[in-house]
Each structure stands twice: as C-alpha cells, then as structure tokens.
There are 2 protein chains.
Amino acid sequence: MKDMKRNLEDITNKLKNNNIRPSHQRLKVLEFLDNNRIHPTVEQIYHSLYDEIPTLSKTTIYNTLNTLIEAGLVRILTIEDNEVRYDIRTDTHGHFKCKSCGNIYDFEVDMDLVEVKGLNGFRIYTKDVYFSGICSKCLEQEDGAKIFDKVI
Amino acid sequence: MKDMKRNLEDITNKLKNNNIRPSHQRLKVLEFLDNNRIHPTVEQIYHSLYDEIPTLSKTTIYNTLNTLIEAGLVRILTIEDNEVRYDIRTDTHGHFKCKSCGNIYDFEVDMDLVEVKGLNGFRIYTKDVYFSGICSKCLEQEDGAKIFDKVI
DNA sequence: TATAATATTGTAATGATTACAAATTAGAAA
DNA sequence: TTTCTAATTTGTAATCATTACAATATTATA
Ligand SMILES: [Mn+2]
Ligand SMILES: [Mn+2]
Ligand SMILES: [Zn+2]
Ligand SMILES: [Zn+2]
C-alpha cells in the first residue's frame, strides 16, 4: 500500500523533473513499464491499461512513449524485425531473446573490455548487445531432445 | 572482366548449392549485395537494379531476400527502428552506425571472451553487437567542436 | 517443342505508426 | 472556487513497409 503510493510519487517527480506534465495517462504508462519489466510492445501496454482507462487511445500510448524517449526516461528496443519494444531501463545492459517462449531477458555485460578491430578513429557513443537462444525455464520445462531438434 | 564473370559463376553456384534457381533477378540481387557492402535497404536494392531490369517488381526483391535469408545466404539487420537492412556477411561480426552520415560499418569482435551475468542455465545461439557514434570520415571532415555539441 | 513446375509481376490487403483537428483536461490567475 | 489558456488526449484519416494473391511469364526437363 505505502509502497504503491511512494512509487507513484516517485514516478510523478520523475516526470516533473523532466518538464513533462504528470497526466493520468503518462503516470499509468510509466508505472506499467516500472512494474512490468517485460520490454512490452505498444499493444501490450495499451491492452493492459485499457481496463483502467476505458477512454484510452492508442495514439496516446505512442505520444507518451515518444515523449518519454525524448526525455531519456525510456528507450526503444528493436532487436527483431516487426516487433518494437520499450524498456524503462536506460543504463547499459544486454538483452536475450528466447526463441522458444519469446521472452526478453536483461543481463549484465561489461563491454568496456571487449576488443574490436576496424573502428580505429571512430568515436563510440553507445554499445548494444543482443543474444538469442533458449532460456533456462524453457530448457527445464521442455524435453531436451525436442529443443535440440527444433529448427532455429 | 574475367573477375566479373568468375564472380557471377560463383554466385550462380552459391544459389544452386542451396537449391535456389539462379534466375536473373536473384543473381542480380545477390551480386548487388556482394559488390555493395553497405547493408542496403529494400528500396536501395530496388532502385539500383531498376535501370538494368525495367520490369523489376519490388515484390521480387522481398521474395528474393526472404528466400536468401531462409537459405542462410543473407541476414537481416534491424539495428534501428523503421529501417530494415540486409547483409551478405553471415559470419559473426559487429555493426557500427554513424549518427552523422548514417553509414553502417562492419567491425570484428570476439564475443567469446565477454563476461555476462544473469544468463546462467541459458543456451545461447547468436550474439549480436551494435555500436553507434561518429565514424572516422565524419570526424575528419567536420569541425570537431560542432560534432561534440551536436545533440545525439 | 510440349508440359509442368517455379518465378515474377501488379495490385490489393494488412498492420504499424504518424498527422491532424476537435474535444477534454490540467494548471495558473483572478 | 471559478475562469481562462495552454497542453494533452482522442478518433479518424493518411502514410508507409510488407505480405497475400492471382495472372502472366519463365525455366527445366522430357
Ligand atoms: Mn532491458
Ligand atoms: Mn555486416
Ligand atoms: Zn524461454
Ligand atoms: Zn559518418
């Protein structure tokens, strides 16, 4: 209870600090991203908030996300064709997509030590890492041989 | 001259070896990807081949690329929202996108040595790396201070 | 050459995102 | 609290990339 309120206050301040009016819709979108760290799509966010906000428009989700991205509070993930996802974590971290369940996991990676060849004289601003494979849950649940045979 | 012919023969064999009929359009698409390592978009490929093949349809470009991807001869790059690109290199390598000129460069990276936390029990199949910043050409050409001030 | 299988083409359909203007809401001022 | 104005939300239309589909053309083989 208290945590919920505190959290909402934090989110409100987060918006205010970035000169973004803390409207009901914006608070709900940011709260959803904070509570559901699943790198959701626009569709997922819209569908999840629709019960609470029956007048909600999908355009508002797009507008809000673009506003949040511009302010650096959210970042966009385009790890695969035809699915754009949104991440409330903006610090450097890697992403793993499970080919079986489709879930996207965060992982920690230190790219500072990685050696690269062919970028002499280049100025690097961002480093993104994207892995894919089968997550531990899917490996446990499903039959090992089955997964091994699956065409990837 | 001779190299061109040889190259075309190689491309034809490449298709045949993968049970893909070496049609005129397919040869031209693959040849373009081989000769122009710029990670082109569908639009770029279409536009470049249109002079040679006036009857060319954009659907053919899509069909051909999907066929080549399925055969593992080409891979798709979705390093940024709203631009899908295609790469004839299918071996593991990194990509750098210049925020100034928009060009995408290949670079060599050894991901085997990279340490990650949070993927215990995961089976990893692919590892992709995507950097962004300013390329050496743009740094040389433009005024340093100007680039530094530019909002990224 | 004749035939059947496959590829190409043009057009229509789909789906995600954006543009835009009207309606609503939030925040400051009175 | 009420009023006023600017910002936000909403619904609809427009745009753009990609795919579906059927007709036409091409290829491989006999
Ligand atoms: Mn993440
Ligand atoms: Mn490449
Ligand atoms: Zn999984
Ligand atoms: Zn550049």
Side-chain angles (χ1 to χ4, degrees), chain A residues 8 11-32 39-71 73-86, chain B residues 8 11-32 39-71 73-86:
Chain A
L8 207 65
I11 294 172
T12 305
N13 287 330
K14 210 174 178 181
L15 288 172
K16 280 185 181 170
N17 292 339
N18 285 276
N19 296 316
I20 300 171
R21 278 197 189 175
S23 70
H24 185 55
Q25 286 85 343
R26 285 169 176 169
L27 283 170
K28 285 298 174 184
V29 168
L30 206 47
E31 188 189 41
F32 180 82
H39 311 91
T41 63
V42 163
E43 189 58 40
Q44 280 178 298
I45 299 169
Y46 176 73
H47 185 254
S48 299
L49 298 182
Y50 190 77
D51 292 335
E52 279 184 277
I53 314 168
T55 60
L56 188 63
S57 165
K58 207 174 275 184
T59 302
T60 300
I61 306 295
Y62 280 106
N63 288 341
T64 300
L65 287 170
N66 288 335
T67 301
L68 295 174
I69 288 167
E70 212 170 335
L73 297 179
V74 165
R75 74 158 160 159
I76 198 164
L77 287 187
T78 54
I79 55 184
E80 217 155 86
D81 191 16
N82 69 38
E83 62 167 33
V84 176
R85 292 167 168 276
Y86 298 87
Chain B
L8 207 63
I11 293 173
T12 304
N13 287 330
K14 209 174 179 182
L15 288 172
K16 280 185 182 169
N17 292 340
N18 284 276
N19 296 315
I20 300 171
R21 279 196 187 174
S23 71
H24 184 57
Q25 286 84 343
R26 285 169 176 168
L27 284 170
K28 284 299 174 186
V29 168
L30 207 48
E31 188 189 40
F32 180 82
H39 311 93
T41 63
V42 164
E43 190 57 41
Q44 280 178 298
I45 300 169
Y46 176 73
H47 185 254
S48 299
L49 299 182
Y50 190 76
D51 292 335
E52 279 184 277
I53 314 169
T55 59
L56 188 62
S57 165
K58 207 175 275 185
T59 301
T60 299
I61 305 295
Y62 280 106
N63 289 341
T64 300
L65 288 170
N66 288 336
T67 301
L68 296 174
I69 288 167
E70 212 171 335
L73 298 179
V74 164
R75 74 158 160 158
I76 196 165
L77 287 187
T78 55
I79 54 185
E80 218 154 85
D81 191 17
N82 69 38
E83 62 167 32
V84 176
R85 292 167 168 278
Y86 297 87

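Labels below follow one simple rule: chain letters A, B, ... track the order of the sequence lines, proteins then strands, and each chain is numbered from 1. None of the values given here were measured: they were computed from a predicted structure.
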*To the nearest 0.5 Å, what is the distance between CZ (Phe32(B)) and CD1 (Ile61(B))?*
9.5 Å

*Pairwise distance CG(Asn17(B)) to CG(Leu15(B)) - rounded to 0.5 angstrom*: 9.0 Å

Just the rounded figure in Å: distance from [atom2] of [N] to [atom1] of [X].
X: Ile20(A); N: dT8(D); atom1: CD1; atom2: P; result: 9 Å
X: Ile61(A); N: dG15(C); atom1: CD1; atom2: C1'; result: 18 Å
X: Tyr46(B); N: dT9(C); atom1: OH; atom2: P; result: 9 Å
X: Leu49(B); N: dT8(C); atom1: CG; atom2: C1'; result: 14 Å
X: Leu65(A); N: dT9(D); atom1: CG; atom2: P; result: 12 Å
X: Gln44(A); N: dA16(C); atom1: CD; atom2: P; result: 12 Å
X: Asn82(A); N: dA20(D); atom1: CG; atom2: P; result: 12 Å
X: Glu83(A); N: dT18(D); atom1: CD; atom2: C1'; result: 16 Å

Flag side-chain contact, heavy atom, 4.5 Å: [X] against [Y]:
X: Ile76(A); Y: Tyr86(A); answer: yes
X: Asn66(A); Y: Leu68(A); answer: no
X: Val74(B); Y: Leu30(B); answer: yes

*If you fit an axis to the five pairs at each end of the helix from dT1(C)-dA30(D) to dA30(C)-dT1(D), how big is the angle between those two axes, to 10 degrees?*
30°

Would one find a side-chain N or O of [X] under 4.0 angstrom from OP1 or OP2 of [N]?
X: Arg21(A); N: dG27(C); value: no
X: Gln25(A); N: dT10(D); value: yes
X: Tyr62(A); N: dT18(C); value: no
X: Ser57(B); N: dT8(C); value: no

*asked:* Go nucleotide by nucleotide along DNA chain D from the 5' end; which of Val84(B) and Pro22(B) gets its closest nucleotide reached first?
replied: Val84(B)

*Is it true that a side-chain atom of Arg85(B) and a backbone atom of His39(B) form a donor plus acceptor pair closer than 3.5 Å?*
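Checked: pair present.
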
_Just to verify, what does Lys28(A) make a side-chain hydrogen bond (donor to acceptor under 3.5 Å, both in side chains) with, not counting sequence neighbours?_
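Expected list: Glu31(A), Glu52(A).
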
Could you check whether [X] gets within reach of a base, just the sugar-phosphate, or nothing at all, counting any heavy atom under 4.0 Å?
X: Asn66(B); answer: sugar-phosphate
X: Asn19(A); answer: nothing
X: Thr60(A); answer: base
X: Thr59(A); answer: base
X: Asn63(B); answer: base

Could you give the side-chain donor-acceptor pairs of residues 19-27 of chain B under 3.5 Å, partners two or more places apart or in another chain?
residue, atom, partner, partner atom, Å
Ser23(B), OG, Arg26(B), N, 3.3
Arg26(B), NH1, Arg21(B), O, 3.1

_For Asp81(B) and Pro54(B), find the nucleotide of DNA chain C closest to each by heavy atoms; which residue's nucleotide sits nearer the 5' end?_
Pro54(B)

*Report the nucleotide, chosen from dA7(C), dT18(D), dT9(C), that has the shortest atom-to-atom distance to any side-chain atom of Thr55(B).*
dT9(C)

